[in-house]
Amino acid sequence: MYNLEKKRNIVSAVCIPLFFTMFAAGILLYLEMSAQAAAPGDLIIPASEISPAARFYPVEIDGVKLEVIAVKAPDGSIRTAFNTCQICFDSGRGYYKQSGNALVCQNCGSRFAISQIEVVRGGCNPVPILPENKKLEGGNIVITR
């Protein structure tokens, strides 16, 4: 009986620390893989920040400073676009501000329904950031550079 009890204590002394070490290593590996998912220069937006009130996130691409609009559409989906009007961008005022459920171009006054972000392209509309250029990952929206 003494040998059996001694063996149990040895097994416990080895297995319990081994289990916790493997568990900690698994957590660290998961965190490392999550951190590697976003490349340098990618824009990371916490999905929890997105609501029906448009938020504007600054980003710099090849030395050009821009903003990304992120907003929750009436259907609950998260929509993203560059904050620039495709026609009025040269004016220096071709950007949008929110008014109710619409974005309004500050140059020409065109109104653009939030529900149409990523749906309608061209004309006096925000430049869409399409699904192939972003992903939902770990509670964040990652927009690739």
Side-chain angles (χ1 to χ4, degrees), residues 6-145:
K6 188 175 182 180
K7 286 181 184 178
R8 283 185 190 157
N9 288 340
I10 291 171
V11 169
S12 294
V14 171
C15 289
I16 291 173
L18 182 61
F19 169 79
F20 283 109
T21 301
M22 290 175 58
F23 181 74
I27 290 174
L28 290 173
L29 181 61
Y30 171 77
L31 292 173
E32 183 178 331
M33 288 172 56
S34 296
Q36 289 177 352
D42 289 352
L43 177 61
I44 301 172
I45 302 170
S48 61
E49 290 183 1
I50 310 305
S51 72
R55 295 204 49 167
F56 301 88
Y57 296 88
V59 65
E60 187 172 328
I61 301 173
D62 297 330
V64 177
K65 293 180 181 184
L66 303 167
E67 282 184 329
V68 169
I69 302 168
V71 64
K72 190 174 285 189
D75 67 1
S77 63
I78 295 174
R79 308 291 178 91
T80 55
F82 288 107
N83 187 15
T84 185
C85 172
Q86 292 186 29
I87 292 177
C88 300
F89 69 92
D90 278 340
S91 71
R93 292 187 44 78
Y95 59 91
Y96 294 91
K97 288 190 178 179
Q98 186 173 7
S99 176
N101 277 341
L103 296 175
V104 179
C105 175
Q106 298 303 292
N107 185 57
C108 69
S110 291
R111 297 176 70 78
F112 189 77
I114 288 172
S115 62
Q116 296 302 298
I117 294 174
E118 292 183 25
V119 176
V120 177
R121 301 178 200 170
C124 193
N125 299 311
V127 178
I129 299 172
L130 302 174
E132 58 265 22
N133 296 316
K134 65 181 178 179
K135 57 190 166 197
L136 185 60
E137 198 170 81
N140 294 317
I141 301 163
V142 179
I143 300 173
T144 60
R145 183 170 160 73

Closest heavy-atom contact between [X] and [Y]?
X    : Y    : result
F82  : P126 : O-CB, 3.7 Å
G94  : C105 : CA-SG, 4.2 Å
C124 : I87  : N-CD1, 3.6 Å
R55  : E49  : CD-O, 3.4 Å
P46  : N140 : CA-OD1, 3.3 Å

Kindly say whether [Y] contributes a backbone atom to a donor-acceptor pair with the side chain of [X] at under 3.5 angstrom?
X   : Y    : value
Q98 : P52  : yes
D75 : S77  : yes
R79 : S115 : yes

Could you state the interatomic distance from [atom1] ([X]) to [atom2] ([Y]), rounded to the nearest 0.5 Å?
X    : Y    : atom1 : atom2 : answer
L103 : Y95  : CG    : OH    : 13.0 Å
L43  : N133 : CG    : CG    : 12.5 Å
I117 : I129 : CD1   : CD1   : 10.0 Å
T84  : D90  : OG1   : CG    : 8.5 Å
N83  : F56  : CG    : CZ    : 5.0 Å
C85  : R93  : SG    : CZ    : 12.0 Å

Could you go through K134 and E118, starting from their C-alpha distance and side-chain angles, then the distance that decides it, and tell me whether this counts as salt bridge (Lys or Arg N to Asp or Glu O under 4.0 Å)? CA-CA 12 Å; K134 65 181 178 179; E118 292 183 25; 2.4 Å; yes
Mind checking whether [X] and [Y] have side chains closer than 4.5 Å, heavy atoms only?
X    : Y    : answer
R121 : L130 : yes
V68  : L66  : no
V104 : K97  : no

Quick one: list whatever passes side-chain hydrogen bond (donor to acceptor under 3.5 Å, both in side chains) with Q116, sequence neighbours left out. none
Partner set under side-chain hydrogen bond (donor to acceptor under 3.5 Å, both in side chains) for N107, not counting sequence neighbours: S91
T80 and V71: side chain to side chain contact (heavy atoms under 4.5 Å, CB included), yes or no, with the steps? CA-CA 7 Å; T80 55; V71 64; over 6 Å; no
Intermediate values then yes/no, side chain to side chain contact (heavy atoms under 4.5 Å, CB included), K135 and V142: CA-CA 5 Å; K135 57 190 166 197; V142 179; 4.2 Å; yes
Stepwise side chain to side chain contact (heavy atoms under 4.5 Å, CB included) test for D42 and I143: CA-CA 6 Å; D42 289 352; I143 300 173; over 6 Å; no
Evaluate the side-chain hydrogen bond (donor to acceptor under 3.5 Å, both in side chains) criterion for residues Y96 and E67: first the C-alpha distance (whole Å), next the side-chain angles of each, then the deciding distance (0.1 Å), finally the verdict. CA-CA 10 Å; Y96 294 91; E67 282 184 329; over 6 Å; no
